[in-house]
Amino acid sequence: MCGIVGILGRHEASPQILNALKRLEYRGYDSAGIATVNNGRLDRRRAVGKLINLSDLLVHEPLPGHSGIGHTRWATHGGPTVANAHPHRAGRVAVVHNGIIENFRALREELSADGVSFASDTDTETIVQLTSRFLDQGLTPVQAARAALKRLEGAFALAFLFEGEQDLIIAARRGSPLCIGHGDGEMYLGSDAIALADLTDRITYLEEGDWAIMSRAGVQIFDAEDQQTARPVNRINVEAARIDKSGHKHFMAKEMAEQPAVLKAALGQYSAADAQGIDLPEALDFKSVDRLLMVACGTAFYACQVAKYWFEKYAGLPVEIDIASEFRYRDPVLGPANMALFVSQSGETADTLAALRHVKPHVGQVVSVVNVPTSSIARESTVALPIHAGPEIGVASTKAFTAQLQVLALLALRAGRDRGRLSDEEFSSLLNELRSVPGYVAQALDREEEIRRMTESLAQARDVLFLGRGTMYPLALEGALKLKEISYIHAEAYAAGELKHGPIALIEQDLPIFIFAPFDALFEKTVSNMQEVMARQGNVFLVSDAKGLAEAGDVPNRLQMPTVPDLIAPIVYAVPAQLIAYHAALHRGTDVDQPRNLAKSVTVE
Ligand code: F6R
């Protein structure tokens, strides 16, 4: 979603804020803006589109001052215009905001009735107008901000900057993450620690409901009940938080290429000292579980969909999977013997977090699989399992998906052993298969040039279909999602056997159809579905292994994957799903890392 930065420094703030915003641009890039206080005077610059436009504007219209706040926006209320760009300002106060003010209509009506005229269509402007009204009534900046905060409903992370106040930023967190960085005679604020990695390695994470008074000398933090409170200062690994493309053309390319190393290192983190077992927290109790509920959004949901096959097959555990935004608005039947498992790269996805909070009082165990161990979802789970993928900056999730799958596979095997469904021998042999993943993923990545050539024709495609059976069905869904989001080609995925129940009507001459089909127990069935498609002149691209390609007969386009055990096939086949989308996007010339309308971390419902 939106990214927030604040600096109370000893040097010009704008270049530092721009640099920090650059690290947050993955959250949204509809517009960007900065406000500073210089010699007591509050001023701001805002520009539509990517950060580069704001950077250009600042060359012509510099913004001096050592104190400032900045914002990169993913539009919710109001289109991407300068008027709707943050920081919003009214009178003596400017505010940047990530989240949604749910009661903004009521506040707007109230303020309008009071004679306030609004300059934007945003919910955020109600915050500055409210605060400005309190300032006009004689409240101090701290009192005015606090009074405004008490009137707000919804989810937000906020930073306030005031005219005449060179040494004050007020920060508040309710629902959206926010952290404070400690410097030497300087203080910083950021939506995440990555934003501040060039400035400091000392970070305090604000807790839910906290608000803070920041000055160069330090920070006073208050909890939701306005009690002053202490929050720890954590040392973060700045190197791990550094973000660069390491010579790759895009973050997505870098993150795909990192997969073998990431998966190997992550597996190492979960390997027991004796190398025979899995080092997962003892607190995880699969024996007493009668049902596993898995909830997530987008790509993380497809990881759950794959894992459902694993938990059922290897652990005999009944599994329900749900899209988070749907889950909490039906009436799921919950019980103390249920385990709820939430999967999220960011750990901040509002729908997933809301689902977690919804089930927590009703189920026995709340487990999460996350990439950001300090995230809200991790902190609010009883057991949080990090995927150890490192920062993922490309908006399209790649390495986080394969790393999520790996941790979910480990969990399924552990559940199988704990529930007596897997003998020690079966367990060790499956674990060894999992250990071979990094090597096979590297082999799959080696097919990149072939995939690049294969996808040239997609540049002209209007629609693309993806088909698969079993665990390859969620892989087909993932392939279609990746293609849609970064190349803007309309793509759909179907369980191969479902095609004849309707979607086959879509098949016409030359429609590109990707079929993921390793030579497994379902292969023959999938090939029959492929024949149905080819009989109607669909342009089939078969992704299979040597045996599968040999058995499939005459297929127009073929991509050979390594021959892999069933358990790990979805992890290995994720690579062509990613590379197909990546190269199709390159052929079409779209913005791979920052596709239109998207944001990396979706912190609004
Ligand atoms: C797709 C993608 C999204 C995310 C989804 C959930 O490439 O990245 O579909 O998977 O928004 O995000 P997290 O995993 O952060 O909860």
Side-chain angles (χ1 to χ4, degrees), residues 1 3 24 26-28 74 98 175-177 191-192 194 250-253 255-256 259 294-307 321-328 341-357 368-381 384-387 389-405 407-408 466 474-475 477-488 491 493 574-575 577-582 584-585 590-605:
M1 265 343 42
L24 288 177
Y26 69 91
R27 287 173 161 256
W74 185 76
N98 170 27
S176 301
S191 292
D192 61 30
I194 294 179
H250 298 102
F251 281 110
M252 183 180 175
E255 287 156 7
M256 287 188 292
Q259 290 177 109
M294 300 179 76
V295 182
C297 302
T299 288
F301 173 72
Y302 298 143
C304 296
Q305 204 165 342
V306 171
I321 51 170
D322 259 288
I323 293 169
S325 55
E326 287 296 315
F327 176 74
R328 59 185 288 250
L341 201 163
F342 299 87
V343 181
S344 173
Q345 186 283 128
S346 61
E348 299 294 348
T349 299
D351 287 318
T352 312
L353 183 57
L356 184 154
R357 289 178 179 155
S368 62
V369 171
V370 289
N371 195 25
V372 183
T374 51
S375 61
S376 306
I377 289 175
R379 281 187 286 127
E380 295 189 30
S381 313
L385 302 165
I387 59 169
E392 189 180 66
I393 304 300
V395 163
S397 190
T398 52
K399 63 175 179 173
F401 178 63
T402 46
Q404 283 162 353
L405 287 176
V407 172
L408 291 168
F466 287 79
L475 258 290
L477 288 162
E478 171 62 0
L481 174 63
K482 288 280 99 84
L483 189 68
K484 276 183 275 209
E485 69 178 330
I486 63 171
S487 75
Y488 316 145
V575 174
Q578 298 162 352
L579 286 172
I580 289 164
Y582 178 69
T590 51
D591 188 337
V592 169
D593 280 336
Q594 296 183 334
R596 69 184 181 205
N597 305 339
L598 284 170
K600 181 79 183 158
S601 168
V602 186
T603 54
V604 293
E605 280 185 48

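Numbers for residues simply follow the sequence, beginning at 1. Both counts, for ligands and for their atoms, begin at 1 and track the order of listing.
- Within 4.0 Å of ligand 1, counting heavy atoms only, the contacting residues are Cys297, Gly298, Thr299, Ala300, Ser344, Gln345, Ser346, Thr349, Val395, Ala396, Ser397, Leu481, Lys482, Glu485.
- In this structure, Val372 and Glu348 have side chains that are not in contact, with every pair of non-hydrogen atoms separated by 4.5 Å or more.
- Not a single salt bridge (Lys or Arg N to Asp or Glu O under 4.0 Å) links Arg596 to another residue, sequence neighbours left out.
- Tyr582 pairs by the ring-ring contact (aromatic ring centres under 6.0 Å, His included) definition with His250, not counting sequence neighbours.
- Scored by the ring-ring contact (aromatic ring centres under 6.0 Å, His included) test, Tyr302 finds no partners at all (sequence neighbours excluded).
- The shortest side-chain heavy-atom distance between Ser397 and Lys482 falls under the 4.5 Å cut-off.
- Between the side chains of Thr398 and Gln578, not a single donor N or O lies within less than 3.5 Å of an accepting N or O.
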